[in-house]
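Remember, it's 1-based here, ligands and their atoms both numbered in the order they're listed. The first residue of the sequence shown is numbered 1, and numbering continues consecutively from there.
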Amino acid sequence: MTLHFNILTLFPDMFPGPLGQSLSGKALERGDWSYNALNIRDFAQGVHKCVDDTPYGGGAGMVMRADIIEKALLSLNNPLVPSSPHPLIYLSPRGRPLTQARVQDLSRTPEITLLCGRYEGVDQRILDAYDFEEISIGDYVLSGGEPAALILMDACIRLLPGVMGNAETPSEESFADATGGLLEYPHYTRPDQWDAANGQTYSVPDILKSGDHAKIKAWRGEQSLALTKERRPDLLKNPA
Ligand code: SAM
């Protein structure tokens, strides 16, 4: 299964960016995923190729024009992907927060189109006309949707079959069903005793060296629950 991203952006050179490195970079070379970063400006008219205008009703900043974004959107025709309805996503601080559950669904679709805003954002009518889903990557404001798109893409790509070395890993991590949607337990590796530069010695918890898999599993479960209660009580299904 392959995953294709169409990206509508004013900065196509920002892609694949960090996704050209490491596991996602190798997956891109293998063809596990592909992308087409379209420059919205290429669809603008006139010498200045203007893509934005002042907001109706006044206020600061500029708004990206619906008619120009639509031309970019309608130019999409990827012969690699069967023409079926696919997610149209506008990265936006007003959107629903991105969750691991939504990432899992998205990683199972063959094609995703991502619209990256700049300035004050995009004309509402393009979102209404094409029923864009708005997705936020957190409660803060970025200067553009491109970093948000890269984050969504990264989260999807790592779930594609064969992208991660250890097939067990995706089910054993934070937010996964197998861990009850909790935060992950702490990890330790060698050395067993670490003399840190702050003068303290830090040890690996004895239980992890016991070889008793049932006790280790139970300890990890307790740690996950305690961390989740402390940091993200909103993730608990049955808060005690
Ligand atoms: N005026 C907008 C507001 O107050 O909601 C913010 C516009 S922001 C400066 C420009 C673009 O960055 C947005 O159109 C969106 O595509 C992207 N962006 C900013 N913050 C984001 C977030 N938290 N999640 C996803 N995209 C974001």
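Contacts between I135 and ligand 1, counted as non-hydrogen atom pairs separated by less than 4.0 Å, involve the backbone only. With a 4.0 Å heavy-atom cut-off, ligand 1 is reached by the side chain of Y90 but not by its N, CA, C or O.
Ligand 1 has an N or O atom lying under 3.5 Å from an N or O atom of G138, backbone or side chain. Polar contact check, R94 against ligand 1: no nitrogen or oxygen pair lies under 3.5 Å apart. For I137, a nitrogen or oxygen atom sits less than 3.5 Å from a nitrogen or oxygen atom of ligand 1, counting backbone and side chain alike. In terms of N/O distances under 3.5 Å, ligand 1 is approached by L142. At under 3.5 Å, a nitrogen or oxygen of G117, whether backbone or side chain, sits near a nitrogen or oxygen of ligand 1.
When the shell of 6.0 Å around CZ of R30 is examined, it contains more than 12 heavy atoms from other residues, nucleotides or ligands.
Within the 4.0 angstrom cut-off, atom 5 (O) of ligand 1 has one or more protein heavy-atom neighbours.
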Extract all donor-acceptor atom pairs below 3.5 Å that involve side chains of residues 200-209 and protein atoms in other chains or at least two apart in sequence.
unit_1	atom_1	unit_2	atom_2	d
T201	OG1	D195	OD1	2.7
Y202	OH	N198	ND2	3.0
S203	OG	Q193	OE1	3.2
S203	OG	Q193	NE2	3.3
K209	NZ	D192	OD1	3.0
K209	NZ	D192	OD2	3.2

Distance-only donor-acceptor hits, side chain of residues 121-135, under 3.5 Å, sequence neighbours excluded:
unit_1	atom_1	unit_2	atom_2	d
D123	OD1	R125	N	2.9
D123	OD1	R125	NE	3.0
D123	OD2	R125	NE	3.4
D123	OD2	R125	NH2	2.7
Q124	OE1	R94	NH2	3.1
Q124	NE2	D128	OD1	2.8
Y130	OH	E70	OE2	2.5
E133	OE1	R102	NH2	2.8
E133	OE2	R102	NE	2.9
E134	OE1	S92	OG	3.0
E134	OE1	R94	NE	3.3
E134	OE1	R94	NH2	3.2
E134	OE2	R94	NH2	2.9

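The contact set between ligand 1 and G121, taken as ligand atoms under 4.0 Å from a residue heavy atom, comprises 14 (O).
Here the CD1 atom belonging to I40 is positioned 9.0 Å from the CD1 atom belonging to I68, to the nearest 0.5 angstrom. Between the CD1 atom in I157 and the OH atom in Y35 there is a gap of 10.5 Å [rounded to 0.5 Å].
Of the protein's non-hydrogen atoms, the one nearest atom 2 (C) of ligand 1 is E120 O, 3.6 Å.
Of the candidates G95, P93, G61, it is P93 that places a heavy atom closest to atom 18 (N) of ligand 1.
Using a 4.5 Å heavy-atom cutoff, the side chains of L38 and L76 are in contact.
Hydrophobic clustering, with ILVMFWY side chains joined whenever heavy atoms are under 4.5 angstrom apart, groups M64 together with L74.
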